[in-house]
Amino acid sequence: MSVKPILFNTEMIKALLDGRKTCARRIVKFLSGENPKWTGYVKDGLMLYNGKNEPCIRKAPYQPGDILYVRETWFKDVNRYMYRANYSDCEKFYRDGKEIEMKWKQSIHMPKEAARIWLKVTDVRVERLQNIDIDGIRNEGLSSMAVHAGDTEIALKELTILWNSTIKKSDIDRYGWDANPWVWVIEFERCAELGKE
């Protein structure tokens, strides 16, 4: 078991806090020199192999049993941590009776001691991004009317927009929805902070 960080945007933090998000997809990184468009097979739902039965992708970023502390957009006030997901865009902040401009810090810079959400990895597998079904979309935390109604076509369009918004423009041809990249599907459950369970 390892303790590792995982990043989520503000929308997905809200889904975690609401109990709607129970999995995340992350792009599979191929070993250098391998062709990321290679179409081999998946063994045991976890590892891709090339024609010589040698691994051609890097190890999964997380393993079942790992504990993850969630990094999110944050701010350290005088005596407490504050989290962007708790506030609306029009929220005003005051100190000593005067309005202040809140300078939120990026999630990548959040220290472990500031984490308020802890997850335990329950399963990790490999699949193509577009293999997701309506249950997978729900588990990703999307909660629109289309998702609730089981309208897969509209839900997939919503997921496409969300997925592509997380990909750098320079990588969209390689990792965007239409590229249908291989992804790690990381399933998890909420847990108490390590050592305070």
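Along the sequence shown, residues carry numbers from 1. All of these numbers come straight from a predicted model, not from anything done at the bench. No hydrogens, no waters, no symmetry mates; every other heavy atom, side chains included, goes into these values.
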Query raised in the report: So, are Lys103 and Glu101 salt-bridged, with charged N and O less than 4.0 Å apart?
Result: no

Query raised in the report: Can you tell if the side chain of Met82 reaches within under 4.5 Å of the side chain of Phe93, non-hydrogen atoms only?
Result: yes

**Report entry** Side-chain heavy-atom pair Ser107, Trp74 within 4.5 angstrom cut-off
**Finding:** no

Query raised in the report: Heavy atoms, side chains only, cut-off 4.5 Å: are Val3 and Lys112 in contact?
Result: yes

**Report entry** Phe75 vs Asp77 side-chain heavy atoms within contact, under 4.5 Å
**Finding:** yes

Query - Cationic N near anionic O, under 4.0 Å, Lys169 to Asp171 - result: no

**Report entry** Any Ile161 side-chain heavy atom under 4.5 Å of Leu159 side chain
**Finding:** no

Query - Identified side chain to side chain donor-acceptor pair (under 3.5 Å) counterpart of Asn86 within the set Arg116, Glu72, Glu91 - result: Arg116

**Report entry** Asp135 and Arg138: CA distance, side-chain angles, deciding distance, salt bridge (charged side-chain N to carboxylate O under 4.0 Å, His left out) verdict
**Finding:** CA-CA 5 Å; Asp135 289 330; Arg138 281 188 195 104; 2.9 Å; yes

Query raised in the report: Can you find a pair of side-chain heavy atoms, one from Tyr175 and one from Thr166, that are under 4.5 Å apart?
Result: no

Report task. Determine whether Leu156 and Trp177 make a side-chain contact, defined as any pair of heavy atoms from C-beta on separated by less than 4.5 Å. Result -> yes

Report task. Group every Ile, Leu, Val, Met, Phe, Trp and Tyr by side-chain heavy-atom contacts under 4.5 Å, then state whether Val185 and Val121 land in the same group. Result -> yes

Query raised in the report: Using 4.0 Å as the upper bound for N to carboxylate O, is an ion pair formed by Glu140 and Arg20?
Result: no

